[in-house]
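None of these values were measured; they are calculated from a predicted model.
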Amino acid sequence: MSKKIGIMTLNGYENYGNQLQNFALQYFLQNMNNEVETIIYHVKFPTGIRNKLIFHLKQKDMFEMAKQSVDKLLRKHDFKRKHVLDLKRENNFKKFSQTFINETSYHLNQYSIQDSGNIDRLNNFDCFFVGSDQVWNLRGGLF
């Protein structure tokens, strides 16, 4: 019996691991005669300086924040070269996703997922697979 299955995993076009596990899971489920879609879900960060600061203080300890600041300064000189390479890499990941991964046409985040229209979209699935150990990461996962 065929089912409509939603895959919820880390989305993005910068990580080989999440792309390959997404593709492998989709391939496996489709070979079992299921209709499979990867639900595009991006964490939406709060706006405003105060809200961003509160968010980051809750998410990261002070040492990590200081380390990131130093890292940003050190990377500043390589930014332009790295930016060009990152754009090329991101484009390659997008091409892979467009070719091999069946993604939803809509995007969800922690605020929009509660909208009635989006709840209706999610109710169309028979079940969900949550992929990647990192979706449960409290410092940047989905949940």
Side-chain angles (χ1 to χ4, degrees), residues 1-47 51-143:
M1 178 181 198
S2 178
K3 293 188 183 280
K4 184 168 182 181
I5 299 173
I7 296 175
M8 293 196 74
T9 189
L10 294 181
N11 305 119
Y13 304 111
E14 65 276 335
N15 184 295
Y16 291 100
N18 73 10
Q19 291 277 298
L20 292 176
Q21 73 83 25
N22 192 174
F23 172 72
L25 179 58
Q26 175 185 283
Y27 182 83
F28 176 79
L29 295 171
Q30 285 175 332
N31 279 337
M32 295 176 68
N33 295 320
N34 294 298
E35 182 184 341
V36 182
E37 268 190 308
T38 295
I39 299 165
I40 302 299
Y41 186 95
H42 296 289
V43 175
K44 188 172 183 178
F45 295 99
T47 57
N51 289 340
K52 285 181 183 178
L53 180 60
I54 290 170
F55 180 83
H56 285 292
L57 286 173
K58 287 180 181 177
Q59 297 296 317
K60 301 176 191 285
D61 58 47
M62 294 303 284
F63 176 77
E64 188 172 330
M65 287 176 63
K67 180 183 173 290
Q68 287 179 354
S69 295
V70 170
D71 286 345
K72 283 181 185 178
L73 289 172
L74 294 174
R75 288 191 313 255
K76 189 175 182 179
H77 299 289
D78 290 331
F79 176 76
K80 285 184 182 179
R81 183 181 60 82
K82 185 179 181 326
H83 183 68
V84 169
L85 293 175
D86 285 347
L87 288 176
K88 286 181 184 179
R89 178 181 170 141
E90 185 176 315
N91 269 344
N92 287 332
F93 277 118
K94 283 181 183 177
K95 287 178 190 174
F96 178 87
S97 285
Q98 290 168 349
T99 305
F100 297 107
I101 297 177
N102 186 26
E103 297 177 331
T104 57
S105 59
Y106 52 90
H107 294 238
L108 299 178
N109 62 51
Q110 70 268 35
Y111 304 110
S112 69
I113 200 166
Q114 296 176 17
D115 294 348
S116 61
N118 289 329
I119 290 173
D120 289 342
R121 287 176 169 159
L122 295 176
N123 282 334
N124 289 325
F125 291 97
D126 295 309
C127 64
F128 300 91
F129 276 77
V130 179
S132 174
D133 59 331
Q134 290 300 311
V135 299
W136 305 105
N137 182 341
L138 296 177
R139 295 183 177 176
L142 294 179
F143 304 106

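Taking CG of Asn31 as the start and CD of Gln26 as the end, the distance is 10.5 Å to the nearest 0.5 Å. Note that the CZ atom of Phe93 and the CD atom of Gln19 stand 6.0 Å from one another [nearest 0.5 Å]. Rounded to the nearest 0.5 angstrom, Thr38 OG1 and Phe23 CZ are separated by 11.5 Å. Of the inter-residue distances, the one linking Ile119 atom CD1 with Asn124 atom CG reads 12.5 Å to the nearest 0.5 angstrom. Taken from CD1 in Ile7 to CG in Leu29, the straight-line distance is 5.5 Å, to the nearest 0.5 Å. To the nearest 0.5 Å, atoms CD (Glu103) and CD1 (Ile40) are separated by 3.5 Å.
Scored by the salt bridge (charged side-chain N to carboxylate O under 4.0 Å, His left out) test, Glu90 finds Lys94 as partners (sequence neighbours excluded). Residues passing the side chain to side chain donor-acceptor pair (under 3.5 Å) test with Asn118 are Arg121, sequence neighbours excluded. With sequence neighbours left out, Glu37 forms a side chain to side chain donor-acceptor pair (under 3.5 Å) with no residue at all.
Looking at Thr9 and Gln21, their side chains do bring a donor and an acceptor atom within 3.5 Å of each other.
More than 12 heavy atoms of other residues, nucleotides or ligands shown are found within 6.0 angstrom of CD on Gln30. Annotation: Lys4, atom NZ; neighbour count of heavy atoms from other residues, nucleotides and ligands within 6.0 Å is above 12.
Looking at heavy atoms from C-beta onward, Leu122 lies in side-chain contact with Phe128 at the 4.5 angstrom threshold.
Proximity of the aromatic rings of Tyr27 and Phe100 is defined here by a centroid distance below 6.0 angstrom, and this criterion is not met.
The two residues Ser2 and Asn33 come nearest to each other via the heavy atoms OG-O, 2.7 Å. Pairing each heavy atom of His107 with each of Ser112, the nearest pair is O-OG, 4.1 Å.
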Verify side-chain contact (heavy atoms from CB on, under 4.5 Å) between Leu108 and Ile39, making sure each step is shown before the conclusion. CA-CA 8 Å; Leu108 299 178; Ile39 299 165; 3.7 Å; yes
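A donor-acceptor pair is defined here as one N or O able to donate and one able to accept, closer than 3.5 Å; no such pair exists between the side chain of Asn34 and the backbone of Ile5.
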